[in-house]
Amino acid sequence: MAALSGVENSAGVVLRRAVELDGKGRYQESLVCYQEGIELLLQVLKGTKDDAKKTHYRQKLSSYMDRAEEIKQHVLKEKEEGKYHKQIKIVENATGYSYENLFKPYVNETLTEVWVEDPYIRYVHQLYNFLRFCEMLIKGPSKVKKINLLTSMDEDNGKAQQASGLQEIKSSLQDYGVILEVTFSSSIHDREIRFNNGWMIKIGRGLDYFKKPQGRFSIGYCDFDLRPCYETSVDIFHNNHTHKT
């Protein structure tokens, strides 16, 4: 019973988040939360013996499933018409924007190749940011086979450090069957991430939007959902033929 109660609480948290995102017009994100919440609530329904509670859960499920289907059709229509565009404003010191949270709605099993354009993958913390992004892709549910990075070369004292860091990431990715192709450009300014499942995400600050932690043993040092962010904007687009041109 305690386990069932825990699942019910988790379902409530996820579904409240879905409704919140829905109300803000962040439909793709809300759809992911609705789907997760519905799965959890189905588990609760299966484990419930009380008929009155079963009826209550079925009514809730019906309502959430209907709304999820409406959102799904709306998002599909926008994608087909090439009109999908959403913007997320990350305010100064906001938390809850780890790469997992930000990119999760757009990383699915159809994703096999990624293009990252970011001029600042140079310093140690920026290399770690890129590594965390790669880890997020590896964890799935995507089946990424190739990551393409376009960045600028550190022409100062950090040139060797940048080269060795990227080479180490490349070697590590190979262990997971993923190819990393790095290209340098001295004229790159744009920051964008493109997935070959059609999603394109433009972040004003690129991947480098986290603030430095207060100390090595302070909250947010390890868990980036708890790491304060710099103010920036995230623009999300969908194009059925997103690829490197």
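Computed over heavy atoms, backbone and side chain alike; hydrogens, waters and symmetry mates excluded. We count residues from 1, following the sequence as given.
Closest approach of S30 and D22 over heavy atoms only: CB-N, 3.5 Å. Contact detail for G96 and N101: the closest heavy-atom pair is O-ND2, 3.1 Å. Between D225 and D223, the shortest heavy-atom distance links the atoms N-OD1, 2.9 Å. Closest non-hydrogen pair, Y221 versus R227, comes out as O-NH2, 3.1 Å. Across all non-hydrogen atoms, the minimal contact from I193 to F195 is CG2-CE2, 3.5 Å. Summarising the geometry of A11 relative to L41, their closest heavy-atom pair is CB-N, 4.1 Å, with the distance given to 0.1 Å.
Using a 4.0 Å cut-off between a side-chain N of Lys or Arg and a carboxylate O of Asp or Glu, K143 and E113 do not qualify as a salt bridge.
Side-chain atoms of D208 and Q126 include a donor-acceptor pair closer than 3.5 Å. At a cut-off of 3.5 Å, with distance as the only test, no side-chain donor of R122 or T151 sits close to an acceptor on the other residue. Residues T110 and N108 have side chains that bring a donor and an acceptor to within less than 3.5 angstrom of each other.
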- Yes or no on salt bridge (Lys or Arg N to Asp or Glu O under 4.0 Å) for K104 and E36, after CA distance, side-chain angles and deciding distance? CA-CA 12 Å; K104 187 178 182 180; E36 286 185 3; 2.6 Å; yes
- Query: Under the side-chain hydrogen bond (donor to acceptor under 3.5 Å, both in side chains) criterion, do Q87 and D235 qualify, and how do the steps go?
  - Reply: CA-CA 4 Å; Q87 185 176 79; D235 286 279; 3.0 Å; yes
- Applying salt bridge (Lys or Arg N to Asp or Glu O under 4.0 Å), run through R194 and E192 and close with a yes or a no. CA-CA 7 Å; R194 294 190 301 281; E192 66 180 43; 2.3 Å; yes
- Message: Does E181 form a salt bridge (Lys or Arg N to Asp or Glu O under 4.0 Å) with K146? I'd like the steps, not just the answer.
- Response: CA-CA 8 Å; E181 186 170 299; K146 187 175 183 183; 3.3 Å; yes
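Remark: K86 is positioned above the aromatic ring of Y84, its terminal NZ or CZ atom under 6.0 angstrom from the ring centre and at most 45 degrees off the axis. For R205 and Y230, the positive end sits near the middle of the six-membered ring, less than 6.0 Å away and at most 45° from its axis.
For the pairing with F103, the ring-ring contact (aromatic ring centres under 6.0 Å, His included) check across Y97, W199, F133 returns one residue only, F133.
Considering only residues two or more places apart in sequence or on other chains, L131 meets the side chain to side chain contact (heavy atoms under 4.5 Å, CB included) condition with Y128, E135, I169.
Taking the ring centroids of F224 and F210, they lie under the 6.0 Å cut-off.
A distance-only check finds no donor-acceptor pair linking the side chain of S142 to the backbone of I138 [under 3.5 Å].
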